Each structure stands twice: as C-alpha cells, then as structure tokens.
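Data first, discussion second: the structure below is written as structure tokens.
The structure displayed is predicted, hence computed values, not measured ones. Both ligands and their constituent atoms are indexed starting at 1 by order of listing.
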Amino acid sequence: MSGAHATVIVVLGASALPVARRIQQALPQAQVLGLEGRADAADATYRAFGETLRGLYRAGTGIIALCAAGIVIRALASVLDEKGSEPPVLAVAEDGSAVVPLLGGLGGVNRLARRIAAALEVAAAITTSGELRFGTCLLDPPEGYVLADLERGKHFVSDVLAGGSVRIEGDAPWLASAGLPQAVDAALAIRVSPWLADAPHELLIHPRSVAVAVEADDGDVASQVAGALAQAGLARGALACLLAPMELMGSLALAEAAQALGADLRFTKAATASEAMLAQLPHAKPLQEAGLTIAVNASPIEACELGQRRGRLAVVGLGPGDRAFMVPAVQAELARAEDILGYETYVNMAGPFLPEQVLHCTDNREELQRARHALALAASGRRVVVVSSGDPGVFAMASAVLEALDGASDLAWHALELVMLPGVSASLATAALAGAPLGHDFCVISLSDNLKPWSVIEHRLDLAGKADLAMAFYNPISKSRPWQLGQALDVVRRHRGPETPVVLGRDVARPGQRLTVVNLGALTPDMVDMRTMVLVGSSTTRVIPRGDGTPWVYTPRWYPMAP
Ligand code: SAH
C-alpha cells in the first residue's frame, strides 16, 4: 500500500495560478484549489480558507499553499496538537521565489519541497539539521522501506549529529550519496533488515521485502500472519504483501487482515498461493511457519510483482451537470479511476482526466455491453468507473451492471469490489429549481417504451393519477417516440384538472438551463424534448409568486383529512 494521500495546491487569488500550474506540472496528481470568486479558474474552488486547510490537514492531505507562511501557520494552529499522521505542509511564495516546508518532516515534506523548488528553479528552504548535514532524512526512508522505531531513530540522529560516525549494515541504496560520516568499526550502525533486532545503537530500517501466502480466510488471519512472522523472527513492518487464491478475492476478512497488517493484498489464479508466490519471487528465501509460507526477498517487493489486486468497479452518478452538484465521493472515485466508461456526453461531463486515465466512450444504447466490458476490466484488477448522469440507479447503469452480473459464470466478476455511488437525479434537481413540487408523495415514471410495453406505462399513469401522486416523467419524448407524451397527458387529464401546475426543466444545471411552469391545460408535447424533465403536480400542488415575480411551485406536506 502506498499510503500516500493526495496533495492539493491552494491558491488565494488568480495571480498565484501561473505558479500553481507550474507546480502541478511537476506533481500532476495534485489538484489546484482556488478561492471562490478570486481564483475560479482553478480545478475546484473552496469558500473558507482556514476551514478548508484544517479539513485537508485532518484528512492527511498534503498542502502546498501559495501564500505567506504565517497565514498557513495561523490557519492550522488549532489542529496541530491532534495526533495522527502529519501530512506535508508547505508555503510557496506566490511568485514562485521561495519554497518553505512547514510541517510533515516524516511525511516527506523536504523531499516534496525539493521537487517543487526544482520545478521553480529555486532552492528549498530546508531547516532540518539532520537533513542539511546528510542530504536525506534518515527517519524518512524512501518507498519500500520503513523505520522500525521513531523515538529510537530520533536519538540515533542526535548521536550522529553530535559527531558519531556510522556503519551501514545491509543494503541501503538511497544512502550511497548521503554525506554520512562512515567508518567500518563505528559504534553506531544503520541496519537495513527485515529481521527483528534489538540493538540500542542501531537505526533499524525494514525493507518491505516479505510476502506471505494465505490459502484460506477462516480464523483471525491477521493474528495468524503476525504470529508466523514473529516466530520466524521477522518484523511486521517488513511485510509487503499477502498473496491469496483468486477464490478469496471477495473475502472481507482477508481485506481487513491486510489492512490491519499494513500489507498489500494480491490474488493469483494458481492452484495454491504459496506455489505462485515462490514462482514469482524465485530468489526469495522460503520459510514455513505456523502453517503459512513466508518468502523473504533480497530487496523490497513491489506489489505488482505478485498476482493481481482485487479490482474495483464503481457505478457513479454525476448529478445533472454542474460539478457543484456532484457528490464528493464521486469526485474522489473519478480522480483515482484507471478506466472510465460511459456515453460520450457523460464521460466528457466527468472530466477533466489525466493522460494516463483510459476513456471508453460508447453509444448510449449499448448499456449491457458496456456493463460487461466494465466488469471484465475490473475483474482483471483495474479501478473502473462507469458514469451515468443524475443518479446511476434511476433509469441508468447501476441496473445494467447488476443485470450483467446476474447469473454470470466468471467467479472474478462476483468477487470484485462493486459499489454504486449516488447522484442528484434530474427530478430532484428540477424540483429544487422550481421550489418543492415533489414535497409530498410522488412517483417516478420513464415514458420510454423501448424496454417496456406502452400498455404498462399507461396503466401506471392511470393508477398514479387515481392515487393523486405528483409525477416525475423521465425520457418524456424523442424523435423515435413522438406520440407517447401526448397520450400520457391524456391519461393524466382523466384525473387532474387543467389548472394543475406542471414544471418543465430543460438542461437543468447545464449551460442554457431553462425552467418553465405551465398549467396542465396549456401543456403541449412540443414544449418538451428529450433533455427535459416533466413534473406534474398533484391536486394539492400550488403556485405562489417569488420576490422577482417568477413562480414558486410547491406541494404541501399535509393532505386533506377525510371528514
Ligand atoms: N439517471 C438519470 C436519468 C437518465 S434518463 C438521472 O437520475 O437523472 C434520461 C432523462 O432524464 C432525460 O430524457 C431527461 O428527461 C432527464 N434528464 C437527465 N438530465 C437532465 C437535466 N440535466 N435536465 C433535465 N432533464 C434531465
């Protein structure tokens, strides 16, 4: 697990945007956040600086603030005492002339500062003494290595700073260029080893070079693995990976165990995980401990060397259009997606995307085929997002994906991680614009007879009319379905008077948005197209004027009681 949280670049005004973009070129994953009304050309906007910064800090998100260091310090002061891992926080002068690492020494802030400084062609203002002396933070080893004990580490660094020389035991390639005072007979040693050790004058760093094959998920897997490692004399921190057979890809117990152990979880199609593990790590030393096979590699193990990960398929709702109406969980899912599938218009709505994100645009009608494609991609270990407009569960892709899954024979399809993330549906976005026409009982009906008989639609409209429900019509009309809306309105008119309010929302939350309020009596199909949402009121729905003279439409929460 990389454990790396996202990093954001925060700007207060438009004047800082050019430097923010230069930093972003060096850190393409970082999003630029701009103050609303001042830097709207950023990737996303925020309202309150202090609150935003504190929220990011608490979430462990790295912060690159293009403003005075003092402003950042004041904003974060109240949350600095909260324990937890500290993300890197830097202040960068808005003209790019200074890069000041402030917090997150163990979160790699100096490394980040150097990268930004290199991109801006200035020097980073590094103030950490150990780092200045040795050019690297001994307590923040690179990816693939972990420090055994922070407190001991701090003592060790003070000892070296006080003039001690060191010897390096084991393989520490990143220290080769560090200006460490080295001597073969030094009392102080930096030991790079996956094995447990208890030597007071040593800085112990574990390479994440151990993998464990897990064949079953019964019992407490985390304790079993931890116990086996301890018996073998191996450090928990050295554990990089658990490898399990593909049949266990859906196992929650296994996922929790990997998380608790801080290990990546990978899966193999081979008959046994241990066989696959030893085949994929041919130079590793195999051990048998407490019924588990352990592989100790000579160097850190990259997760991608072993099997595949459990893929994830998220079926997300983008909301009606404007990104402000897209829920944050969907935004986060899109940001980390590897493959994005959907109807071209919606995929475009979900962007911008990074060059390495793969877009699969298809025609709107190929829904089942798109669903199968998404499942196959996710089953191979990829992070896949299928996009729908509005909510994915309302006449959209969530059902299509479950339909493709229903009865499918491929085990991996059933074992992948499948989530549906909701969105603001067109009926709700339109209702909010108009006031509260759906404020009491209502129903939602698609007028499309592509996938259901027209007789069913008429029957449902008739019953909904009888039941005095307000109604939301999706897919009200199209070139290939020109007469259906007129006929639907005839059915509704059997139960509702001509004065019944009707709301038409066209391109809601999109450019050119149009809201129209008419009476049922005056409504004609030519006022409606396939980009329109039609809301028909119930017998209690009312229209009142707004301050600006346009109408509010609402349905009260009460209903007349029988006498
Ligand atoms: N999953 C979508 C609905 C897909 S059906 C959702 O939850 O909103 C497509 C129909 O939804 C269109 O024919 C139109 O009636 C309606 N619709 C979708 N987006 C809309 C928008 N932004 N404005 C108005 N109507 C919209």
Which protein non-hydrogen atom lies closest to [atom], naming both residue and atom, and how far is it?
| atom | result |
| --- | --- |
| atom 4 (C) of ligand 1 | F395 O, 3.7 Å |
| atom 15 (O) of ligand 1 | T532 O, 2.7 Å |
| atom 2 (C) of ligand 1 | S389 O, 3.2 Å |
| atom 5 (S) of ligand 1 | N475 OD1, 3.5 Å |

Do ligand 1 and [X] have nitrogen or oxygen atoms that lie under 3.5 Å from each other?
| X | value |
| --- | --- |
| R506 | no |
| V508 | yes |
| Y474 | no |
| S388 | no |

### Query
Does ligand 1 have any atom sitting under 4.0 Å from a heavy atom of P476?
yes
### Message
For Y346 and Y343, take the angle between the two ring planes, folded into 0 to 90°, and tell me which bin it lands in: parallel under 30, tilted 30 to 60, perpendicular over 60.
### Response
perpendicular
### Task
For the pair H373 and H360, name the ring-plane relationship: parallel under 30°, tilted 30 to 60°, perpendicular over 60°.
perpendicular
Atom of [X], atom of [Y] and distance for their closest heavy-atom approach:
| X | Y | answer |
| --- | --- | --- |
| L515 | G505 | CD1-CA, 4.3 Å |
| R531 | D507 | NH2-OD2, 2.7 Å |
| L76 | Y57 | CD2-CB, 3.8 Å |

#### Entry: Nearest option to atom 8 (O) of ligand 1, as decided by whichever heavy atom of G393, A396, A426 sits closest
A426
### Query
Where the closest heavy atom to atom 19 (N) of ligand 1 is concerned, which of M530, R510, R531, R514 has it?
R510
#### Entry: Interfacing atoms of ligand 1 (cut-off 4.0 Å, heavy-atom, S425)
6 (C), 7 (O), 8 (O)
Does any N or O in the side chain of [X] come within less than 3.5 Å of the main-chain N or O of [Y], such that one atom is a donor and the other an acceptor?
| X | Y | value |
| --- | --- | --- |
| R266 | L306 | yes |
| D43 | V32 | yes |
| R54 | A75 | yes |
| Q357 | L334 | yes |

### Message
Counting only heavy atoms closer than 4.0 Å, does ligand 1 sit against the backbone of D507, its side chain, both, or neither?
### Response
backbone
